[in-house]
Undergrad: 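Pasting in a structure now, in C-alpha cells, and then I'll have a few things to ask.
Remember, it's 1-based here, ligands and their atoms both numbered in the order they're listed.
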Amino acid sequence: MSSDGKSSQKSFGNKPFILFLCFFRYTYECLVDTAKYLSDKVPFKPKVGIICGSGLGSLADAIENRIEFPYEKIPNFPLSTVEGHVGQLVFGYLSNVPVVCMQGRFHYYEGYPLWKCAMPVRVMKLLGITHLIASNAAGGLNKDYKVGDIMIVKDHINLMGFAGNNPLQGPNDDRFGPRFPPMNRAYDKELIEKAKVIAKEVGLGDIVHEGVYTCLGGPNFETVAELRMLGMLGVDAVGMSTVHEVITARHSNITVFAFSLITNLCVTEYHKNDEANHDEVIDVGKMRQKELTKFVQGVVKYVADENKLVSKML
Ligand SMILES: O=P(O)(O)O[C@H]1O[C@H](CO)[C@@H](O)[C@H]1O
Ligand SMILES: Nc1nc2[nH]cnc2c(=O)[nH]1
C-alpha cells in the first residue's frame with residue numbers, strides 16, 4: 001500500500017472488463033476474484049504455501065482433511081502441462097498446520113510469461129499465507145553433489161532477469177509490494193539453519209547441502225559450455241523454475257524457504273555421453289518422497305511453532 005494508503009493502480013468497476021484484463025496481466029482485482037473463489041470453499045486460512053516440483057507431488061499426499069481444486073476449475077489459473085505435475089491446488093493440514101499446496105507448477109517453457117507462472121504465489125498471499133516452501137528438481141552442478149541429494153537454496157541467480165525477463169515487469173501494484181523490492185535476503189537464514197537440523201532428524205543429514213540455484217528458461221537441458229559458464233558464476237544447481245516464484249513471494253513480504261532435489265548430475269565434460277532426461281527426474285523424486293515428506297512436515301511444524309511463539313509474546 002502506498003503512503004497515502006491508496007493504491008497507485010487505477011481500479012476498474014465492471015467485472016467483465018476485469019476478466020478481460022486478466023488475459024493480459026493479472027490485476028489485483030483479478031487475483032482477488034481467484035482467491036475469493038477458493039476462500040468461499042475452504043473453512044480456514046492457510047498459513048504456509050507449498051510448491052511441489054517435478055516428481056515431488058507426493059509431498060501433497062500427506063496433507064490431511066484435504067480440499068482439492070484442479071487448476072482447470074480455478075478462475076484465471078493456468079494449466080499444468082508437464083508430466084510429473086498433477087495440476088491441482090490442495091488445501092488441508094500438514095503437521096496440524098493449515099496449508100495450501102500447489103501439486104504441480106507452471107513453467108516459462110510451457111508458454112506462460114513469468115508473471116503467469118508466479119500468479120499462484122499472489123493468490124496464496126491473498127489467502128493468508130505468511131511463509132512459502134518451494135521445491136524443485138534440479139541438475140547438480142556442484143561436484144560434491146550426488147543424485148538424490150538435497151540442496152537447500154541459500155541464494156539464486158536470476159539469469160532470466162538479467163535480460164529483464166522478470167515476473168514483476170510492468171506496472172507495479174503497491175497492494176502487493178514496492179516497485180523495487182530488495183532480494184539480498186530472499187531465503188530466510190533462520191529457516192535454512194533449522195532445516196539442516198530437521199534434515200538430520202529425518203535421515204537426510206549426510207546428503208543435504210546449501211547452495212545457489214539458477215533458473216533457465218528451458219525446456220532443453222544445458223550444453224557443456226553453458227554448464228561450465230554457470231559453474232564459473234558460482235551456481236550449484238540448475239533448474240527451470242522457482243526463482244520467479246520466490247521474487248514474487250518476497251515482493252509481497254512472504255518468508256521463503258526453498259530446496260532442490262538433485263535429480264541428475266550436470267554433464268560438464270565433452271567426453272561424457274550421459275544425457276539428462278525428465279523420466280529420471282521423476283524417478284528420483286519418487287525415490288526420495290518418504291524422507292522429503294517428513295522433511296517438509298518438519299519445516300512446516302517449525303514455522304507454525306515459531307509463529308505461535310511470536311503470538312504468545314505479543
Ligand atoms: O523445477 P521443477 O518444476 O521441479 O521441474 C524441473 O524438472 C523439469 C525437467 O526435468 C523442469 O520442469 C525443471 O524445472
Ligand atoms: N535446467 C535444468 N533443469 C533441471 N531439472 C532437473 N534437472 C535439470 C537440469 O539438469 N537442468
Undergrad: Please tell me whether Phe257 and His131 form a close aromatic pair, meaning their ring centres lie under 6.0 Å apart.
TA: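 Phe257 vs His131: aromatic centres not under 6.0 Å.
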Undergrad: Tell me whether the guanidinium CZ or amine NZ of Arg122 lies under 6.0 angstrom from the six-membered ring centre of Tyr26 and within 45° of its axis.
TA: no
Undergrad: Does NZ or CZ of Lys189 lie under 6.0 Å from the centre of the six-membered ring of Tyr187, at an angle within 45° of the ring axis?
TA: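 No, cation not above the ring by the 6.0 Å, 45° rule.
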Undergrad: Find all atoms of ligand 2 within a distance of less than 4.0 Å from any non-hydrogen atom belonging to Phe221, and give their numbers and elements.
TA: 4 (C), 7 (N), 8 (C), 9 (C), 10 (O), 11 (N)
Undergrad: Could you say whether the N/O atoms of Thr242 and ligand 1 ever approach to under 3.5 Å?
TA: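 For ligand 1, there is no N or O atom that lies under 3.5 Å from one belonging to Thr242.
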Undergrad: In the protein, what heavy atom is nearest to atom 13 (C) of ligand 1, and what distance, to one decimal place, separates them?
TA: Met240 CB, 3.8 Å
Undergrad: Under 30°, 30 to 60°, or over 60°: which ring-plane class applies to Tyr71 and Phe77, parallel, tilted or perpendicular?
TA: tilted
Undergrad: For ligand 2, which atoms sit closer than 4.0 Å to a heavy atom of Thr263?
TA: 6 (C), 7 (N)
Undergrad: In Å, rounded to the nearest 0.5 Å, how long is the span from OG1 of Thr27 to CG of Asn76?
TA: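 Going from the OG1 atom of Thr27 to the CG atom of Asn76 covers 8.0 Å.
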Undergrad: Considering only protein heavy atoms, which is closest to atom 4 (C) of ligand 2, and at what distance to one decimal place?
TA: Val238 O, 3.5 Å
Undergrad: To check your reading of the model: name the closest protein heavy atom to atom 8 (C) of ligand 2, its residue, and the distance in Å.
TA: Gly139 N, 3.4 Å
Undergrad: Closer than 4.0 Å to some heavy atom of Val281 - which atoms of ligand 2 meet that?
TA: 6 (C)
Undergrad: Thinking salt bridges, do Glu269 and Arg228 make one under a 4.0 Å N-O criterion?
TA: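 Here Glu269 pairs with Arg228 in a salt bridge, since their nearest N and O are under 4.0 Å apart.
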Undergrad: Should Lys146 and Asp149 count as an ion pair when the cut-off is N to O under 4.0 Å?
TA: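 Salt bridge between Lys146 and Asp149, a charged N being under 4.0 Å from a carboxylate O: yes.
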Undergrad: I need the Met124 CE to Thr248 OG1 distance, nearest 0.5 Å.
TA: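 So the CE of Met124 and the OG1 of Thr248 are separated by 10.0 Å.
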Undergrad: Does an N or O anywhere in Arg105 fall below 3.5 Å from an N or O of ligand 1?
TA: yes
Undergrad: Identify the protein heavy atom lying closest to atom 7 (N) of ligand 2, giving its residue, its atom name and the separation to 0.1 Å.
TA: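 Result: Asn264 OD1, 2.6 Å.
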Undergrad: Among all the protein's non-hydrogen atoms, which is closest to atom 7 (O) of ligand 1, and how far away is it?
TA: Ser54 OG, 3.4 Å
Undergrad: Identify the closest protein heavy atom to atom 9 (C) of ligand 1: which residue and atom is it, and at what distance?
TA: His278 ND1, 3.5 Å
Undergrad: Does the N or O separation between Leu216 and ligand 2 drop below 3.5 Å for any pair?
TA: no
Undergrad: Should you measure from each heavy atom of His107, which atoms of ligand 1 turn up under 4.0 Å away?
TA: 2 (P), 3 (O), 5 (O), 12 (O), 14 (O)
Undergrad: Below 3.5 angstrom, do we get any N/O pair linking Tyr213 and ligand 1?
TA: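 It does not: no N or O of Tyr213 is found under 3.5 Å from an N or O of ligand 1.
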Undergrad: With atoms numbered from 1 as shown, which atoms in ligand 1 lie under 4.0 angstrom from a non-hydrogen atom of Gly53?
TA: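 Checking each atom against Gly53, I get 4 (O).
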Undergrad: Test your reading of the structure: does Asn136 have an N or O sitting under 3.5 Å from an N or O of ligand 1?
TA: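 Asn136 vs ligand 1: no N/O contact under 3.5 Å.
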Undergrad: Provide, to 0.1 Å, the distance between atom 12 (O) of ligand 1 and the closest protein heavy atom, together with that atom's residue and name.
TA: Tyr109 OH, 2.4 Å
Undergrad: Under a 4.0 Å heavy-atom limit, does Ala138 contact ligand 2 with its side chain, its backbone, both, or neither?
TA: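 Under 4.0 Å from ligand 2, Ala138 contributes backbone atoms alone.
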Undergrad: Taking only heavy atoms of Ala137, which atoms of ligand 2 are found under 4.0 Å from at least one of them?
TA: 5 (N), 6 (C)
Undergrad: Ignoring angles and geometry beyond distance, decide whether Ala137 reaches within less than 3.5 Å of ligand 1 through its nitrogen or oxygen atoms.
TA: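 Yes; at least one N/O pair falls below 3.5 Å.
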Undergrad: Just to confirm my output: which protein heavy-atom neighbour is closest to atom 1 (N) of ligand 2, and how far is it?
TA: Glu222 OE2, 2.7 Å
Undergrad: Take the angle between the ring planes of Tyr93 and Phe44 and call it parallel below 30°, perpendicular above 60°, tilted in between.
TA: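 Geometry flag for Phe44 against Tyr93: tilted rings.
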Undergrad: Are the charged groups of Lys294 and Glu291 less than 4.0 angstrom apart, N to O?
TA: no
Undergrad: Got a salt bridge between Glu29 and Arg175, using NZ or NE/NH1/NH2 to carboxylate O under 4.0 Å?
TA: yes
Undergrad: Looking just at side-chain N and O atoms, do His244 and Asn165 make a donor-acceptor pair shorter than 3.5 Å?
TA: no
Undergrad: Give the residue, atom name and distance (to 0.1 Å) of the protein heavy atom nearest atom 1 (O) of ligand 1.
TA: Ser241 OG, 2.6 Å
Undergrad: Just checking, any donor-acceptor pair under 3.5 angstrom between side chains of Asn136 and Thr242?
TA: yes
